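A quick note: this is a predicted structure, and the numbers were derived from the prediction, not measured.
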Amino acid sequence: MPWLYKLEKKFGKFAIPNLMMYILMGQAIVFLLTNLTGSYWIQSLLVFNRGAILSGQIWRIFTFIFIPTSTSPLMFLLLVFIYYSISQQLEHIMGTFAFNFFYFSSVIACILVGFIFGGRPDVYYINLSFFLAYATLMPEATFYLYFVIPFKAKYLLVFYFILIGVDLLGGGLVNFALIAASLLGYFIFFGMPVLKRKKVQQKGYAGQKQFKAAKREMDYEKRAPIKVAFHKCHTCGKTELDDPDMEFRYCSTCNGDYEYCMDHLRNHEHVK
């Protein structure tokens, strides 16, 4: 994507290497404090809340990305391991700046939706987009469900898209907007190129049709017999090809072999 390369030249120095390591460390700190205090008041201070933000609690604009996605210690550790592993591979494949853009484009889109519709964005679908991106890039990779059941990434990709589709259709407008915003990064990097390829293919098909039509016309012209006129009126230029029923005669008065159609045989200026 040329526009992304231009952005990287200008803003690449601001990209954060190992971005997910810092975000997951923040989630781990919040998780520990929540379990040590036995209260969710810390997380309540980090939740995106449009009213609270407009009242001056501006930290809530971004702090929702540090809220853990699970309350179970075992599940939280498992998710941290999965998200960190996948994010590291994505950053290695995409590059640091592209991965930063992938993540923050979804975060910013969620913030805008939160302000416009009053919803409360979280990182569940943003984190899920990591897996979607990884499965798109490496469809033959194998995952083990519950550490036992092997699944190809491409099949899990279809499964998760079905679940996302159900969530999109069954949660109302705000929920739809939040999920779509969370998947914006995935759409930019993987959806838009597919749409562009289809557009190019459609143009290619149209070009192929035009080429084939032109080729058929040329082939027809090549197969068609070449017609040569043997008679031509010296006055009007008409030949037997123009009018097959027309007769032509030579004028005996003209000085030379001048042929005329019947319309001009007796009505022409003689050549001296």
Side-chain angles (χ1 to χ4, degrees), residues 15-40 42-48 62-110 120-164 167 178-179 181-190:
I16 305 172
N18 297 317
L19 173 65
M20 282 308 297
M21 180 183 71
Y22 301 113
I23 294 175
L24 292 173
M25 285 176 61
Q27 291 184 10
I29 292 172
V30 175
F31 183 86
L32 288 174
L33 291 175
T34 300
N35 283 272
L36 289 174
T37 59
S39 174
Y40 288 92
I42 295 177
Q43 293 190 24
S44 67
L45 292 174
L46 305 178
V47 171
F48 185 96
F62 282 104
T63 53
F64 71 91
I65 66 176
F66 297 111
I67 297 177
T69 54
S70 177
T71 57
S72 167
L74 182 60
M75 182 58 68
F76 176 73
L77 289 175
L78 178 61
L79 290 175
V80 166
F81 173 75
I82 293 174
Y83 290 141
Y84 179 74
S85 300
I86 292 178
S87 66
Q88 287 295 101
Q89 294 190 57
L90 287 177
E91 184 173 345
H92 177 72
I93 296 171
M94 300 169 65
T96 299
F97 180 81
F99 181 76
N100 276 238
F101 190 90
F102 177 92
Y103 183 80
F104 284 119
S105 60
S106 296
V107 171
I108 294 172
C110 286
R120 293 192 173 184
D122 57 42
V123 294
Y124 174 77
Y125 287 102
I126 296 177
N127 290 344
L128 181 59
S129 69
F130 294 164
F131 172 79
L132 299 178
Y134 182 80
T136 303
L137 290 170
M138 300 182 180
E140 298 300 325
T142 302
F143 288 87
Y144 288 89
L145 190 63
Y146 301 112
F147 300 100
V148 177
I149 306 174
F151 274 98
K152 292 289 186 181
K154 57 185 178 182
Y155 301 127
L156 287 176
L157 180 66
V158 175
F159 174 72
Y160 278 121
F161 268 124
I162 293 174
L163 293 182
I164 291 172
D167 290 342
L178 284 173
I179 295 176
S182 299
L183 300 178
L184 178 63
Y186 179 83
F187 176 76
I188 290 174
F189 281 87
F190 301 99

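Note that CD1 of Ile67 and CG of Leu45 are 10.0 Å apart. Values are rounded to the nearest 0.5 Å. Expressed to the nearest 0.5 Å, how far OG1 of Thr96 lies from CZ of Phe101 amounts to 15.0 Å. Here the CZ-CE distance, from Phe189 to Met94, works out to 4.0 Å after rounding to the nearest 0.5 Å. Taking OH of Tyr124 as the reference point, atom OG of Ser182 lies at 11.0 Å (rounded to 0.5 Å). The OG atom of Ser72 lies 9.5 Å from the CG atom of Asn35; values are rounded to the nearest 0.5 Å. Rounded to the nearest 0.5 Å, atoms NZ (Lys152) and CD (Glu140) are 5.0 Å apart.
Scanning for side-chain hydrogen bond (donor to acceptor under 3.5 Å, both in side chains) contacts around Asp167 gives Tyr125, with sequence neighbours left out. Partners of Phe62 according to the ring pair (Phe, Tyr, Trp, His ring centres under 6.0 Å) rule, which considers only residues two or more places apart in sequence or in another chain, do not exist here.
Residues Ile126 and Tyr103 are in side-chain contact: their nearest non-hydrogen atoms beyond the backbone lie under 4.5 Å apart. For the pair Ser105/Ile188, a side-chain contact is recorded, criterion being any heavy-atom separation below 4.5 Å from C-beta on. Residues Thr136 and Leu157 are in side-chain contact: their nearest non-hydrogen atoms beyond the backbone lie under 4.5 Å apart. Counting only heavy atoms from C-beta outward, the side chains of Val123 and Thr69 approach each other to under 4.5 Å. Taking the side chain as every heavy atom from C-beta outward, Asn127 and Met20 approach each other to under 4.5 Å. Side-chain contact between Ile164 and Leu132: present, with at least one pair of heavy atoms (C-beta onward) separated by less than 4.5 Å.
When every heavy atom of Leu90 is checked against every heavy atom of Leu137, the shortest pair comes out as CD2-CD1, 3.7 Å. When all heavy atoms of Cys110 and Leu178 are compared, the closest pair comes out as SG-O, 4.0 Å. The two residues Gln27 and Ile65 have their closest heavy-atom pair at NE2-O, 3.0 Å. Contact record, Tyr160 with Phe131: CD1-CE2, 3.2 Å, taken as the closest heavy-atom pair. Across all non-hydrogen atoms, the minimal contact from Glu91 to Ile16 is OE2-O, 4.3 Å. The two residues Ser106 and Leu183 come nearest to each other via the heavy atoms OG-C, 4.3 Å.
Annotation: Leu36, atom CG; neighbour count of heavy atoms from other residues, nucleotides and ligands within 6.0 Å is above 12. Residue Met75 qualifies as open at atom CE: its count of foreign heavy atoms under 6.0 Å is 12 or below.
Applying the ring-ring contact (aromatic ring centres under 6.0 Å, His included) test to pairs two or more places apart or on separate chains, those with a residue in residues 72-99 are Phe31-Phe76, Phe99-Phe130.
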